[in-house]
Structure formats: C-alpha cells, structure tokens
Q: 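One structure, pasted below without further comment.
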There are 2 protein chains.
Amino acid sequence: MRQEPRQSDITGHPRQTSRMENIVRYFNHYLPLNSEEKEALTSRLVQRKIKRKQYILQEGDICKYFTFVLEGCFKMYGIDKSGAEHNLVFTAEDDWIADIDSLHKEKPSRLFIEAVEPSTILQISKGDLWYLYTNYPKFDRNFRVIIENKYIELQNRLLQTFSATAYERYESFLEQYPGLTNRLPNTQIASYLGITPEFLSKIRNAKSHPGP
Amino acid sequence: MRQEPRQSDITGHPRQTSRMENIVRYFNHYLPLNSEEKEALTSRLVQRKIKRKQYILQEGDICKYFTFVLEGCFKMYGIDKSGAEHNLVFTAEDDWIADIDSLHKEKPSRLFIEAVEPSTILQISKGDLWYLYTNYPKFDRNFRVIIENKYIELQNRLLQTFSATAYERYESFLEQYPGLTNRLPNTQIASYLGITPEFLSKIRNAKSHPGP
DNA sequence: CGTGACCCTTAATCTGCATTAAGACTATTT
DNA sequence: AAATAGTCTTAATGCAGATTAAGGGTCACG
C-alpha cells in the first residue's frame, strides 16, 4: 500500500559534508541572522548521523541538546506502566526536537526520542544555547517564537484529543501531515492518535469501503 | 463538601487601587526588571475587574490581550460540535492566560476564556507587548521562559491523557492543583479531565468506599 | 535465500466511560 | 422568600475502542 520509496532510498549515500546553511535558511523565516550571529550559532552546532531506531534521548537520561533535524524523522514518546508507547510528536526536516522539561530543569526525562528513519541532525548543547541567549538577544526572540508555535501545535492537539473521535483525528492527521503518512508505519500513527493499530486498521477499512 | 469560603468572600470588597506591584514581584522570579522596564511595562497594563461567568475571549473573536491574573480564576475551553465544553487549562493568581494561536496570527479564536470566580486582571495588548519585545529584550527572554513552562505543562498533560486512566488523572489533578480542588465545581474538573461529571462522581465514590 | 522481526488485517469478546433519566440538594437571582 | 438555575449522585443501558488471537505479508540482515 505504501507506493513511494522512502526518503533515504532516493537520497542514496548522503554526503558527509556540513549542511549548516539549512539552519541559517530556516532562521530567515523568523528574524534573519547577521554574519556574527551565524558564526556564533554554527560554531556551536554539531552535525551527527543517526541510524534508524537509534535514540538521541532515553528515559532516565537528562536531555542535553536542542536538536535540529536536517534529514529524516524522529518520534518523541513515553511508555506507560503496561509498556505501551505513546507518541507525543513527530519531528521531520527543518524542525526542532527536545524534551524541554528535562533540558531546562536538568531532571531525568520520562521520554524517548528515537529516529524512525536514518537521519542527520544538528545539535546545540544547553550551555551553548544559554550563551547565545545571553549574548545575542535575537536568539531569545527566535526561540520564543519557535516555542510558541510548538505550544500552539500541542494546544490544538489536546483540544482535538478531547473533542474529536478517533476517525476525525485520523482525518486531521492526514490533512495536517500528508508528507508523513507514507513515511510512517501505521503502528506509529496509531500511537500518535492514541488508539491501537487494530482500531486504526478498522478506521482505514471503514474509510475505503463506506457503508450505505 | 466545600469547607472553605471562596477567595472573594474573604476579601470582602476588593479595593479598586492598582496592584501593579504584583506583576513586578512576579517577574522577580525570572529576570528582574529595572526601573525603566517596570515603567515601560506598568504604563502599558490595564487593570480590570471581571465578574463570574464573564468572558474575556469568545469563540470567533480575535484574542487581543495577554492577561495576567491578579485575583480569581479563569478557564479556557473549546466547544465540540455536540455542544460539550472541554477545559484546556485553568489559570489562577500570578499566572498568564491567552489564546496564543489567535493572538499571534490574528485569526478568530476557537476558544472561550471565562471567569469562574470574580476576578481582577492586568491586560497588555498585542501591540504594546510587541513594543516591549522590540525595545526591551528582557521581555523576549521572560516571555520565552513563561511560554516554555506552559509548553511543559501541556506536554505533561497530553502524556497523562494518553497513558493514564481517568482515576489516575483525577489523583494527579488532586496532587497538582490542591488549591483549585475546593474552588472549582466538579463539573469543571470533569471537563478538564476529559470525562463526564457522572463518571467523576463514580470515581470519587469508588475512592472513598474502596472495595475488598 | 532463508529466517526472524516487524507489520497489517480480520474477527470475537470485553470494558471504561458516555448517555439518559431522575431525584435531592444548594447557590444565585429576583 | 420564592423562583430559578446550577450541582451532585445513583443507576440502567449503550458504544467506542481495547484486548486477545491468529494468519499472512514484507523487509532487513546473517
């Protein structure tokens, strides 16, 4: 049913060269950085390649980095006491991911952040980020806006969770993340929607064979 | 069952005097303001008294203000297509409330913000807030941290919603908001927990008469 | 190229919570 | 002080989605 080859298949062998320009371009959507700020930022970023299923944060660890995704896709999830995973967010290209609670308060995280595809990321440590905040106020501004947008996303998600059925939430997911639908297995989408894969299967079936 | 008199009963006739010093004290928990910043902030705040059940934001309106609660309590909620309310957050003394989505993008809100007690608030308009951001970088910083904390709160709430039963969520609510338990009717708490008042009643009953 | 680790689906059964209804109690308004 | 509107509880019935089980498909990797 998954028609298109995955991103990683298209790309072939990703080059090992630095791709800091992507993050600079990203900031142009907010308050663009001048050359001094660019240098301050890029000199503090570390580029890493992450394999599928590799963690960049595990439960119990303290989140040390704010991570920018250049390529690939991550899920951030918690595990309940019966062992089931619950996806809080997906994060793909040109987006940030971190457990802000753990990062800020330097307390052990209750979450995992795991690559669902082979990925390339840029990471900045908390200390370096704080340095940028203190010395270049524009970063305070830019990250304020980034967090605000993430807050809005979560707020809409929470409202949906309370006020819509699983079927409606699935429809919304398809509209909101058309790019991710073909990249993620249904088990992951089900976990994001707060239902079981079996029930998602039922929903998809009902959708393609609508009753009288 | 509600033993203690409400805040408003204790206070009697609240004075009409300005209480800007509360918000200045609040900012001391973040980056404290110097006298110029205090003046810039307080000269842009408007103090208002709000009656119980009065709205400061209604669905369809554009959210114009960031609101600081001096006294009283508000709920922010959405209404689903069958007319049921779903509380996203409660906001009491020394906390901020706004529909950030509507405020930022100047689009009609899908939410209501309503006083659940007679309240006193301070409001700053979007334009004035943007002025502060632009001219006093400390406000970028302080509001970044405020939003981050609100993001953390929502993230924890979403995780709980997915991974805990209604009974467990009720227990958490009691732990996390002991001060609000006696101030809010159970209908409002049920709406926050994502259940009906009837089922909350059942939970409370099971809690006080635990089976064998 | 085979074998195990996922993944997808169907179907039967089960359950947490909703819905509906109704009565008692309690605030708030007049 | 009465009228009204909101609140709390109990109980019967209903349903969305979980659980369990099982069969078949597909992909990664030795």
Side-chain angles (χ1 to χ4, degrees), chain A residues 1-9 51-54 75 80-87 114-118 160-171 173 181-209 211, chain B residues 1-9 51-54 75 80-87 114-118 160-171 173 181-209 211:
Chain A
M1 195 56 79
R2 199 171 297 143
Q3 300 93 338
E4 294 176 345
R6 301 207 170 175
Q7 184 77 7
S8 54
D9 299 326
K51 293 180 191 160
R52 203 169 96 90
K53 301 204 179 184
Q54 189 179 337
K75 60 177 174 176
D80 67 25
K81 52 188 184 218
S82 67
E85 294 182 8
H86 301 279
N87 284 342
E114 182 187 332
V116 295
E117 293 175 359
Q160 264 248 328
T161 301
F162 280 143
S163 63
T165 64
Y167 180 83
E168 291 163 340
R169 276 178 276 146
Y170 178 59
E171 296 274 87
F173 176 84
T181 312
N182 292 321
R183 286 165 68 180
L184 293 169
N186 286 339
T187 44
Q188 294 308 317
I189 296 175
S191 166
Y192 178 89
L193 295 175
I195 60 176
T196 57
E198 291 86 352
F199 194 65
L200 178 54
S201 186
K202 210 174 196 173
I203 286 173
R204 285 161 60 88
N205 197 32
K207 193 173 149 68
S208 55
H209 305 290
Chain B
M1 194 58 80
R2 199 170 296 143
Q3 300 94 337
E4 295 175 346
R6 301 207 169 173
Q7 185 78 6
S8 55
D9 299 332
K51 291 181 193 159
R52 202 169 98 90
K53 300 202 180 186
Q54 187 179 339
K75 59 178 175 176
D80 67 26
K81 54 189 183 218
S82 67
E85 294 183 9
H86 301 279
N87 285 341
E114 182 186 333
V116 294
E117 293 175 359
Q160 264 246 330
T161 302
F162 280 143
S163 63
T165 64
Y167 180 82
E168 290 163 341
R169 277 178 274 144
Y170 177 60
E171 296 274 85
F173 177 84
T181 312
N182 292 322
R183 286 165 69 179
L184 294 167
N186 286 338
T187 46
Q188 294 308 317
I189 295 174
S191 167
Y192 178 88
L193 295 175
I195 60 177
T196 57
E198 291 86 351
F199 194 65
L200 177 55
S201 186
K202 211 173 196 172
I203 286 173
R204 287 162 57 90
N205 197 30
K207 194 172 149 68
S208 55
H209 304 291

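Reckoned from all heavy atoms, side chains included, excluding hydrogens, waters and symmetry mates. Predicted, not measured: the structure shown is a model, and the values here were computed from it. Naming convention: chains lettered A, B, ... in sequence-line order (proteins, then strands); numbering from 1 in each chain.
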Q: Between B:R204 and D:dT7, is there a side-chain N or O to OP1/OP2 distance below 4.0 Å?
A: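 No, B:R204 has no side-chain N/O under 4.0 Å of OP1/OP2 on D:dT7.
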Q: Take the protein atom CG of A:D80 and the nucleotide atom C1' of D:dA18, then report the distance between them rounded to whole Å.
A: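 Distance check: A:D80 CG to D:dA18 C1' gives 13 Å.
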Q: Identify the heavy atoms of B:F162 and A:G194 that sit nearest to each other, and give their distance.
A: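 The pair with the smallest heavy-atom distance is CE2-CA, 3.6 Å.
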Q: Taking OP1 and OP2 of D:dG6, is either one under 4.0 Å from a side-chain nitrogen or oxygen of B:R52?
A: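 No, outside the criterion.
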Q: Can you find a side chain N or O atom of A:N186 that sits less than 4.0 Å from OP1 or OP2 on C:dT9?
A: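 Indeed, a polar side-chain atom of A:N186 lies that close.
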Q: Carefully, step by step, assess A:L200 and A:T196 under the rule side-chain contact (heavy atoms from CB on, under 4.5 Å).
A: CA-CA 6 Å; A:L200 178 54; A:T196 57; over 6 Å; no
Q: Please tell me if B:N205 has a side-chain N or O lying less than 4.0 Å from either OP1 or OP2 of D:dT10.
A: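 True: B:N205 side-chain N/O within range (under 4.0 Å) of D:dT10 OP1/OP2.
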Q: Which pair of non-hydrogen atoms, one from B:L184 and one from B:V116, has the smallest distance, and what is that distance?
A: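 Nearest heavy atoms, B:L184 then B:V116: CD2-CG2, 3.8 Å.
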Q: Measure NZ/B:K53 against P/D:dA5 and give the value in whole Å, please.
A: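 The distance from NZ of B:K53 to P of D:dA5 comes to 11 Å, rounded to the nearest Å.
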Q: Would you say A:Y170 and A:R204 are linked by a side-chain donor-acceptor pair, where the criterion is simply a distance under 3.5 Å?
A: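 Yes.
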Q: Report yes or no: does A:S191 contribute a side-chain atom to a donor-acceptor pair with the main-chain N or O of A:N87 at less than 3.5 Å?
A: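 Such a contact is found between A:S191 side chain and A:N87 backbone.
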Q: Could you tell me whether A:E114 and A:R52 make a salt bridge, using a distance below 4.0 angstrom between a side-chain N and a carboxylate O?
A: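 Result for this pair is no, no salt bridge flagged.
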Q: Calculate the interatomic distance between B:E85 atom CD and D:dG6 atom C1'; express it in whole Å.
A: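 Distance, rounded to whole Å: 13 Å.
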Q: Can you tell me how far C1' of C:dC6 sits from CD of A:Q188, to the nearest Å?
A: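 From A:Q188 CD to C:dC6 C1': 11 Å.
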Q: Expressed as a whole number of angstroms, how long is the span from A:L184:CG to C:dC6:P?
A: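 These atoms are roughly 17 Å apart.
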Q: With a 4.0 Å heavy-atom cut-off, tell me which residues in residues 191-202 of chain A come close to DNA chain C, sorted by residue number.
A: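 Hits under 4.0 Å, by residue number: A:E198, A:S201.
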